[in-house]
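Read the numbers this way: they start at 1 and go in the same order the structure lists the ligands and their atoms.
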Amino acid sequence: MSISAPDVTPDVTPNAPWWRSAVLYQIYPRSFQDSDGDGIGDLNGIAARLDYLVDLGVDAIWISPIFPSPMADFGYDVEDYCGIDPRFGTLADFDALLAAAHARGLKILLDFVPNHSSDQHPWFRESRASRTNPKRDWYLWRDAAPDGGVPNNWISDFGGPAWEWDEATGQYYYHAFLKEQPDLNWRNPDVRAAMLDVLRFWFARGVDGFRIDVLWHMVKHADFPDNPLNPAWHVSMGEMHRVLQRHSTDQPEVHAIAGDMRRIADDYSTPGEERVLIGEIYLPLERLMHYYGQDESGVHLPFNFQLIDARWDARTLAQMIADYEAALPPGGWPNWVLGNHDRPRSATKRGAEQARVAAMLLLTLRGTPTLYYGDELGLEDAVIPPDRVQDPRELREPGLGLGRDPVRAPMPWDAGAHAGFSTAEPWLPLGADWRTRNVAAERDDPASMLSLHRALLALRRRHPALGVGQFRLIEAEGDVLAYERVCGDDRIVVALNLGATPHPVILPPGAWRLLLSTTPDPFTDTLAPNQGVILQPER
Ligand code: NOJ
Ligand code: MG
């Protein structure tokens with residue numbers, strides 16, 4: 001196999017910002033911890049679990065949207081960008097959470113949803129009030145086609161046309177997601193100014209960064225041409241994939257907007273307190289790389305989702321990692337993700353044994369990893385009975401397996417009532433195995449997934465090679481994926497067996513000592529089935 005990456009990745013930058021060596025942890029706030037007995041997680045619930053996160057060993061949390069919202073898309077439909085939804089708490093609760101996190105050395109990232117607001121946002125209420133309203137142009141209004149139909153063939157990501165007819169003013173408005181989520185018009189300078197002020201509002205309060213929702217969606221082609229049909233479309237993919245989103249996403253003008261956001265983040269940064277921007281972008285590798293911006297003028301971390309969907313095969317992964325490293329622009333820092341609130345969980349995709357190997361991979365690759373809450377327990381997708389379905393994605397295109405409720409089940413803390421998540425019935429059912437798979441049960445079990453994560457995170461902290469070191473693939477065969485991380489005289493080798501049969505591995509010359517294994521097996525020159533190991537030179 002030929003791998004097109006540089007042999008060794010670039011040198012370690014001195015005085016790197018905190019987020020380069022950090023591990024991020026995503027909290028879906030409805031599902032983490034309820035504090036007030038309404039069955040919905042909230043900010044005081046998160047505050048009560050900060051010590052768990054410190055003990056786990058993560059550096060920062062990203063909280064999915066907590067702003068006032070009608071919850072048509074569970075907070076990704078924002079009604080007020082500078083407030084807190086009462087279900088989650090108050091601004092005072094948020095300030096207290098931020099202070100408590102900072103006191104523990106934890107950073108907090110919020111979720112910025114700039115592409116669309118709620119249809120209940122005052123801006124949209126004004127915009128739809130009349131064609132001459134000063135906010136009319138804040139959203140994307142178009143006349144009907146000559147036959148009275150939709151302006152073009154664009155499809156909502158949740159299925160159905162992306163255009164909604166407004167009877168009162170006789171025009172359609174565009175919504176990339178639900179009709180309750182009208183897209184903002186980022187070509188309008190007043191929209192830009194108002195939304196950039198939102199970033200300043202939260203940065204001034206002390207927020208450490210943002211994950212930016214659907215960054216690549218923000219600008220559409222000015223003429224709204226039809227999207228090309230997708231020749232590979234199949235009904236099982238969901239309706240959105242009927243067309244290729246050539247004109248509705250990833251337009252060149254988006255990069256200037258990302259640049260504006262970056263300048264604001266930089267303005268609020270001081271050494272050790274850098275503010276970080278992470279862009280949600282689902283695009284092929286080379287287009288993804290543009291979001292780093294020319295000369296580091298874009299977002300710091302365009303999310304790299306490749307591991308979520310990757311074929312779980314050592315050679316495929318080796319090539320994918322090499323290609324990604326090779327594609328990074330100068331100064332671009334890598335990042336890796338195994339799951340989030342929209343995608344199937346790692347343990348469901350790979351099975352329990354390989355989920356442990358995947359965790360070792362995620363936390364030892366070069367770059368900033370993001371853990372999804374509950375993956376550290378090995379949670380699988382929960383089974384949601386039809387009468388408990390909440391996700392609009394599932395309700396609009398049922399039965400295709402596109403629904404996201406299964407990955408949003410409540411965090412199981414202990415074997416008590418409602419798994420310690422709430423005193424009331426949770427908004428979504430718990431996973432079936434919560435009585436045995438929960439934080440309390442796993443904490444004291446050295447063989448648990450939680451203990452594996454704590455050990456991995458502790459090793460990352462202790463070894464600069466893992467935190468920021470260079471990366472080099474080690475020649476390997478079959479099911480083995482192996483690589484080396486180096487920072488100064490700190491040297492680590494990782495060897496992973498992605499298969500269920502023993503496999504020999506050839507290590508770089510020298511004697512190697514086992515630091516951590518995903519299985520109880522000793523380390524020899526043959527990896528046991530599903531065994532991943534972290535090694536250090538024998539001194
Ligand atoms: C991406 C978010 O991750 C997803 O949960 C949401 O439904 C859409 N953006 C729309 O905001
Ligand atoms: Mg609550």
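- If you look at ligand 1, the protein residues with a non-hydrogen atom under 4.0 Å away are D73, Y76, H116, F158, F177, Q181, R211, D213, V214, E280, H341, D342, R404, R408.
- Between D51 and R104 there is a salt bridge, since a side-chain N of the basic residue sits under 4.0 Å from a carboxylate O of the acidic one.
- Partners of W434 under the ring-ring contact (aromatic ring centres under 6.0 Å, His included) rule, at least two apart in sequence or in another chain, do not exist in this structure.
- The set of protein atoms (N, O or S) found at less than 2.8 Å from the Mg ion (ligand 2) reads D34 OD1, D36 OD1, D38 OD1, I40 O, D42 OD2, by chain and number.
- One finds no salt bridge joining R396 and D391 here, because no Lys/Arg side-chain nitrogen approaches an Asp/Glu carboxylate oxygen to under 4.0 Å.
- Checked against the 6.0 Å centroid criterion, the rings of F224 and W163 qualify as a close aromatic pair.
- Here the two rings, on Y174 and W154, have centers that are under 6.0 Å apart.
- Remark: Y373 engages no residue in a ring-ring contact (aromatic ring centres under 6.0 Å, His included) (not counting sequence neighbours).
- Between the side chains of N227 and S248, at least one donor N or O sits under 3.5 Å from an acceptor N or O.
- Remark: the E376 side chain and the Y52 side chain contain an N/O donor-acceptor pair separated by less than 3.5 Å.
- Taking the centre of each ring, F124 and Y139 come in below the 6.0 Å mark.
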